[in-house]
Structure formats: structure tokens, C-alpha cells
Amino acid sequence: MQVPANSLPIKSSSPVLVVGNNHLIDSVAKLTALNFDAAEQLFIHSRAAGKHGKKPQCLILSVDGQEVYTLDLTKISPEAVLAKLLALPPVIGHDLKSTYKVLLELGIALPKVAHDVFVGAFLLNSLRREQTLTELAETDLGYDGSPFDDLTTDDVMTRAPEIVAVIRALYAQQSKDLQAIPKLADLARDVEWPVIAVLARMEYTGIQLDTAYLAKFAVEIDDAVSDLEQQIYGYAEQEFNIASPGQLAEILFTKLNLSTQGIKKGKTGYSTDAKQLDKLRDKHPIIDLISQYREVAKLKNTYVDALPKLVDDQSRLHTTFNLTIAQTGRLSSTDPNLQNIPTRTELGHHIRTAFVAGPGNKFVSADYSQFELRLAAVLANDTELIEMFNRGADIHQATAAQVYGRELEDVTKGMRQAAKVINFGILYGMSPHGLSVATGMTNEQAVTFIERYKQLRKPLFDYMDHLLEQARADGYVETLFGRRRPMPDITSSNFMVRQGAERAAINMPIQGTEADLMKLAMIRVDKLLSDHYPDSRMLLQIHDSILIECPAADADAVAEMLKNTMQEIYELPVRLDVDATIAVNWGEL
DNA sequence: CGACGCTGCGCG
DNA sequence: AAAGCGCGCAGCGTCG
């Protein structure tokens with residue numbers, strides 16, 4: 001329905017909703033006539049944000065969920081609405097990050113987030129299957145009308161009032177629920193809402209890929225794959241699909257008659273994963289070739305061949321950072337996943353070299369060292385562990401010295417390695433069996449080792465005991481900042497299920513607090529960049545690290561700022577150590 | 001033909 | 001009896 005804009009009654013209590021997608025709108029005059037200054041909150045919603053580089057063509061807006069206006073951006077210049085939109089009050093919507101990318105495409109400054117019902121639903125209950133507008137409406141509002149997913153432009157236009165009403169109702173409900181959990185409301189206000197615009201900018205900016213470099217690499221890797229294939233067929237004396245675990249197991253254990261002694265069995269037969277291949281390595285030369293084939297084929301299929309197809313016309317890759325996936329509150333990255341670009345093997349690391357800073361720019365990267373273990377020390381209030389960190393000890397070496405009762409200088413590499421495994425493993429609820437497998441100790445040695453570690457880190461284990469008790473009583477666990485993860489399986493009568501839940505419960509406050517702090521750091525870094533280094537852009541977050549692209553001349557200063565901001569992001573009893581590096585491509589960082 | 005579960009493996 | 005948390009993606013094999 002269309003209503004003359006100048007007759008619009010916007011009271012200070014009247015939230016406004018803007019629906020944006022990549023289609024039409026009809027009159028900008030109506031929009032510019034609106035008195036946004038009088039509105040305290042603006043509702044904003046977008047489905048089908050334009051693909052990157054495509055100009056969005058449509059903004060739909062309404063007031064109080066009643067009057068709906070459509071604005072045709074193909075007929076008017078976006079700048080005409082710019083002045084008004086710049087002064088928008090804080091906005092409310094469903095998946096604002098998508099809408100914000102539309103605004104960025106229009107060159108419109110991003111308003112503050114007042115509430116996002118997509119992210120809000122996840123904060124209040126991370127377990128629900130999905131947080132689509134349809135699902136939220138059905139489950140939370142008892143809505144039984146037709147779905148809101150995959151609507152055509154016309155549908156969006158005609159149903160905008162309905163969409164507005166649903167979002168407003170969800171907002172009302174969620175803000176009431178959040179107020180009942182003050183820490184969670186604070187987390188939403190201070191972390192989750194502000195990080196939305198930061199992520200929108202990162203996704204919109206993208207990261208440059210040197211496709212020519214990658215094309216050269218592709219030729220080499222293709223040759224390597226075919227070469228390995230032929231060698232493997234030679235040993236097998238037949239061709240088969242190496243990528244099929246079933247066919248591979250048939251070749252190894254039937255045709256070549258390799259021993260299945262100690263080989264893990266899965267639902268579909270003997271496993272051929274990397275660990276099992278390791279056990280067979282000395283038995284037949286084909287094993288090493290298969291390992292090599294796996295490594296090279298993985299790189300080729302997942303990265304070398306896939307990434308170049310996803311670049312825009314500027315040769316930049318735009319990932320999507322998901323806020324509503326990881327149960328711990330971490331981000332996840334999709335289409336493409338830029339949080340799992342190889343680095344551990346030399347060959348894999350080459351892929352990172354293809355990620356480059358633009359002309360005249362540099363990359364600045366910074367990562368927290370032993371972030372999770374430091375946070376475990378804080379959450380458990382393990383003063384000895386905290387003190388070790390604060391005096392800058394090599395934590396794994398020092399732990400080994402304590403467990404084995406040796407002087408620091410008498411700690412062997414093997415001892416340090418074992419201590420490192422347990423230091424990390426403990427955060428995941430590792431068992432003696434897991435430790436023995438990971439270190440090559442006997443089960444007995446592992447049991448003794450963990451026993452001594454328990455004595456040494458009593459506060460840590462007391463904390464874990466208390467945490468599990470709390471989880472059983474409350475049905476959830478939470479981070480330092482009150483982010484919650486429901487833990488229904490913690491009281492399961494199924495041993496396996498229950499044990500799995502206990503391990504997840506132990507890990508969540510640690511991994512989740514890390515995620516909370518990283519988001520806080522990103523928000524602050526984003527602000528500092530826009531204030532002092534306007535030509536610099538945050539590009540990626542990889543759980544404990546941040547990657548920035550900046551003018552070469554600013555690199556040193558940006559690195560310093562990034563390091564300090566991350567280190568001082570939140571006052572904790574433990575010192576946070578951050579390493580910062582500068583390079584022209586990701587491989588050299 | 002697409003959807004799905006499984007296997008395997010890339011990252012923190 | 002099982003045995004380490006959190007993710008996403010690719011290929012295979014099966015099913016409808």
C-alpha cells in the first residue's frame with residue numbers, strides 16, 4: 001500500500017522498517033520527505049542482498065508495520081537518499097549484516113544496530129535448527145502463514161507489512177527475554193550488535209587473490225596428482241578410484257593383503273584415514289604414495305581449483321562470516337571458508353602465497369599466543385599457571401619440568417611435546433587413551449602422566465568438576481561474558497552421549513570467551529582504523545588472529561596499534577601476548 | 001537428477 | 001565400551 005510520505009505520523013516511539021533487496025523502488029521523494037530525526041529506532045530488513053558488485057535496486061520502507069513505501073533506485077541516484085539515511089537512528093532487523101552489505105554497495109554509512117532478531121534468536125537459544133524469519137515466526141509467534149524464504153521481489157513488496165510486523169513482534173519478545181538475562185543483554189549490546197557492521201565491511205571488502213600465481217601452481221599440482229595416480233596404479237596393478245575409501249580399503253587389505261591388525265573399523269569397513277595409513281607406512285611403498293596423493297588432491301580440489309572461481313572482477317574473494325553457527329560463539333566462514341586455508345604443510349603453505357595485498361599495500365597480521373590455555377587459567381583461577389604466563393615462561397617446557405620433576409634445562413623435546421599435548425588436550429577433556437595415542441606413551445605412562453598433571457593443576461580440575469556440576473544443575477554452560485550454550489545431553493542416560501556433552505561443556509567457556517574477546521578486539525580495531533587509518537581494512541578473523549590490509553606507509557603503525565589493542569582488550573589476571581607481523585602476501589606472514 | 005550420510009581432512 | 005573441542009568442503013555411494 002502507498003501512503004503519501006508527508007502525511008506520515010512518525011512519533012518518537014514509532015520504529016521504522018526498511019526492507020532492502022536488489023530490486024526496484026518507486027519514489028525517493030517519499031523517503032527524503034520522511035522525518036527520520038523523530039524516530040528513535042529504525043527497523044531494517046533485507047532478504048536477498050545483492051551479489052557483490054551488483055547494485056541493489058530497491059529499498060522498501062515502512063512505519064509501524066503499516067504504511068509501506070517502495071523506492072526505485074534505478075530511477076534516482078542513491079546519493080539523493082544518502083543524506084537522510086546517514087542520520088538513521090539505530091536499526092532493528094533480521095540478518096542486518098546482509099542488509100548492511102546492500103547499504104555499503106550504495107555508499108551509505110552504516111547505522112548502529114539496535115537489535116537483530118536473527119542473531120538474537122541464536123543468543124537466546126543456539127540449539128534451534130535455524131533462525132530463518134519463517135522458522136522464528138512459526139516457533140516463536142505461532143505464525144502459520146506462507147513462508148518468507150525465497151520470495152520474489154513482488155512478494156517482498158506486497159508482503160512487506162507482514163514482514164515488518166513479524167520482525168517487530170520477534171524484537172519485542174527477544175528484548176524481553178534478553179532483559180531477563182542481564183549479562184546476555186550486555187553481551188548483545190556490547191559485542192554482538194557492534195560486530196555486525198564490522199563483519200559486513202570485512203565481507204564487502206574481500207581479499208585479493210593472485211590468480212595468475214595460482215594458475216601456475218595448478219599446472220604443477222595437476223602433474224603431481226597424475227604422477228602419483230600412475231605410481232599407485234602400478235603398485236596396485238590395476239586402476240581404481242583412490243578417492244574412494246571403499247575401493248582403497250579393498251586394494252590395501254584384500255588385493256595387497258596388508259594386515260588389518262590394529263586398523264580402526266568404521267560403519268562401512270576398515271578406515272583408511274591418515275592415522276591408519278601411518279600404521280601401514282612401513283609395510284608397503286604404496287602407502288606413502290597414497291598419503292602424498294591425499295595431500296595433493298585435497299589442495300587441488302579444495303583450494304587451487306575452487307578459489308579462483310569465486311573471485312570478483314577485482315580478483316577479490318568475499319567470504320561470509322556466520323554469527324549463528326558455532327555453539328561456542330565463534331565465527332564460521334563459508335563460500336569460501338577462509339578460516340581453513342592451508343599452512344601446516346610446506347606445500348599447503350604455498351596456497352597462502354596467492355593471497356596478496358593490493359598495489360602499494362601490505363598485510364598486517366596479529367595472533368594471540370596460547371590464548372585458550374591462558375583463558376583456562378583465568379576461568380579456573382589457577383594462580384600458579386597464571387603466574388607462569390605472567391613471567392613469560394615457555395609454558396610447555398615449564399609444565400614438563402614440573403610433571404617430570406626436572407630442571408628446565410633437563411627437559412627433553414619429547415617431554416615438552418607430551419606436556420604440550422596435555423596442555424591442549426586438557427581443554428578438550430582428553431582421556432589417557434587419547435594422550436597415549438597422541439604421544440606414543442603406553443597407556444600406563446599416560447595414566448601416570450595425567451595423575452601428576454592433576455596434582456599440579458588442581459585448580460584446573462576443581463574448576464572442571466564444578467563446571468560439570470553447574471552444567472547438570474543449570475542445563476547450560478557460559479562464557480566469562482555470559483554467552484550460553486545449552487547442554488541437554490549433560491544428563492543423558494547414554495554414556496557416550498553424556499561423555500561427549502561433558503567434553504563439549506568443558507571446552508565451551510574457554511573457546512567461547514576467546515570468541516567474545518576476539519569480537520571485542522575487532523570492534524575496537526575497526527573503530528581505530530576508521531579514525532586513524534581510513535585507507536586500512538580488516539579482512540579476516542581466524543579465531544585467534546586478525547588480518548589487516550593497509551597502505552605500506554602505515555604498516556608499522558597499524559601493526560603496533562593492532563598488537564596493543566588485542567593485548568589490552570580486556571583487563572584479566574593473565575597477560576595476553578600478541579605477535580604481529582607484516583608482509584606483502586599471506587604466505588610470508 | 002538432487003539430497004543425504006559418510007569418510008576424510010583443511011584450519012584454530 | 002569408548003577414548004579430543006569447534007568448524008566447512010569435497011568426493012563417494014546410495015536412495016528416491
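Source: prediction; values computed, not measured. Naming: A, B, ... by sequence-line order, numbering from 1 per chain.
Between A:Asn301 and C:dG11 there is a side-chain polar atom (N or O) within less than 4.0 angstrom of OP1 or OP2. For C:dG13, one of the phosphate oxygens OP1 or OP2 lies less than 4.0 angstrom from a side-chain nitrogen or oxygen of A:Gln247. Side-chain N/O atoms of A:Asn337 include none lying less than 4.0 angstrom from OP1 or OP2 on C:dC7. Taking side-chain N and O atoms only, A:Ser332 has a distance below 4.0 Å to OP1 or OP2 of C:dG8. OP1 or OP2 of B:dC6 sits under 4.0 Å from a side-chain N or O of A:Lys267. For the pair A:Arg330 and C:dC5, the criterion of a side-chain N or O lying under 4.0 Å from OP1 or OP2 is not met. Taking 4.0 angstrom as the limit, A:Thr268 places a side-chain polar atom (N or O) nearer than this to OP1 or OP2 of B:dT7. Between A:Ser244 and the phosphate of C:dG13, there is a side-chain N or O to OP1/OP2 separation shorter than 4.0 Å. Phosphate proximity of B:dG8 to A:Thr272: present, with a side-chain N or O under 4.0 Å from OP1 or OP2. A:Arg503 has no side-chain polar atom (N or O) that falls below the 4.0 Å cut-off from OP1 or OP2 of C:dG4.
Minimum atom distance to the side chain of A:Lys298 is reached by B:dC9, of the listed B:dC9, B:dT7, B:dG12. In this structure, the nucleotide among C:dA3, C:dA10, C:dA1 sitting nearest to the side chain of A:His433 is C:dA3. Here the side chain of A:Pro342 is nearest to one of C:dG4, C:dA1, B:dG10, namely B:dG10.
Ring orientation note: the planes of A:Tyr453 and A:Phe461 are nearly perpendicular, at an angle over 60° on the 30°/60° scale. Using a 30° and 60° split on the angle between ring planes, A:Phe481 and A:Tyr570 fall in the perpendicular class, above 60°.
In this structure, A:Ala274 reaches the sugar-phosphate backbone alone: every heavy-atom distance under 4.0 Å involves primed, P, OP1 or OP2 atoms, never a base. Within 4.0 Å of A:Leu331, counting heavy atoms only, lies no atom of the nucleic acid at all. Looking at heavy-atom distances under 4.0 Å, A:Gln327 makes contact with sugar-phosphate atoms alone, never a base. Backbone-only contact: A:Ile341 has heavy atoms under 4.0 Å from sugar-phosphate atoms and none from a base. Among the protein residues, A:Tyr303 comes within range of the sugar-phosphate backbone only, with heavy atoms under 4.0 Å from sugar or phosphate atoms but none that close to a base. Here A:Ser545 lies out of heavy-atom contact (under 4.0 Å) with every strand. Using a 4.0 Å heavy-atom cutoff across all strands shown, A:Ser436 reaches no nucleic acid atom at all. Using a 4.0 Å heavy-atom criterion, one finds that A:Asp335 contacts the sugar-phosphate atoms exclusively. Among the atoms of the strands shown, only primed sugar atoms or phosphate atoms (P, OP1, OP2) are found under 4.0 Å from some heavy atom of A:Ile542. Here A:Arg498 lies out of heavy-atom contact (under 4.0 Å) with every strand. Residue A:Met496 is in sugar-phosphate contact alone, with no base atom involved, counting any heavy-atom pair closer than 4.0 Å across all strands shown.
Counting only heavy atoms from C-beta outward, the side chains of A:Lys413 and A:Arg416 never approach each other to under 4.5 Å. Using a 4.5 Å heavy-atom threshold, the side chains of A:Thr272 and A:Gln276 count as separate.
Rounded to a whole angstrom, the distance from the C1' atom of B:dG10 to that of C:dA3 is 24 Å. Annotation: B:dT7 and C:dA2 have their P atoms spaced 15 Å apart (nearest Å).
If you measure from atom CG of A:Leu299 to atom P of B:dG10, you get 7 Å, rounded to the nearest angstrom. A:Lys275 has its NZ atom 15 Å from the P atom of B:dT7, to the nearest Å. A straight line from CD of A:Gln541 to P of C:dG8 spans 13 Å, rounded to a whole angstrom. For the pair A:Asp367 CG and B:dC11 P, the computed distance is 15 Å after rounding to whole Å. For A:Asn322 and C:dC9, the CG to C1' distance is 14 Å, given to the nearest whole Å. Straight-line distance from the CD1 atom of A:Ile242 to the P atom of C:dG13: 13 Å, rounded to whole Å. Across the protein-nucleic acid pair, A:Lys264 atom NZ and B:dT7 atom C1' stand 10 Å apart, rounded to whole Å. Distance A:Met464 CE to C:dC5 C1': 13 Å, rounded to the nearest Å.
Remark: ring of A:His543 does not overlap the six-membered base ring of B:dG12 in a stacked fashion, as centroids less than 5.5 Å apart with planes less than 30° apart are not both met.
Within 3.5 Å, a donor on the side chain of A:Asn340 pairs with an acceptor on the base of B:dG10, or the reverse. For A:Arg344 against B:dG12, a side-chain-to-base donor-acceptor contact under 3.5 Å is present.
Ionic pairing of A:Glu478 and A:Arg483 is not present here: no N-O contact between side-chain nitrogen and carboxylate oxygen is shorter than 4.0 angstrom.
In this entry C:dG6 has B:dC11 as its Watson-Crick or G-U wobble partner, both defining distances falling under 3.5 Å.
Atom NZ of A:Lys255 sits in a crowded spot, with more than 12 heavy atoms from other residues, nucleotides or ligands closer than 6.0 Å.
A:Leu338 and A:Ser333 get closest at one heavy-atom pair: N-OG, 2.8 Å.
You'll find the ring centres of A:Tyr204 and A:Tyr100 outside the 6.0 Å limit.
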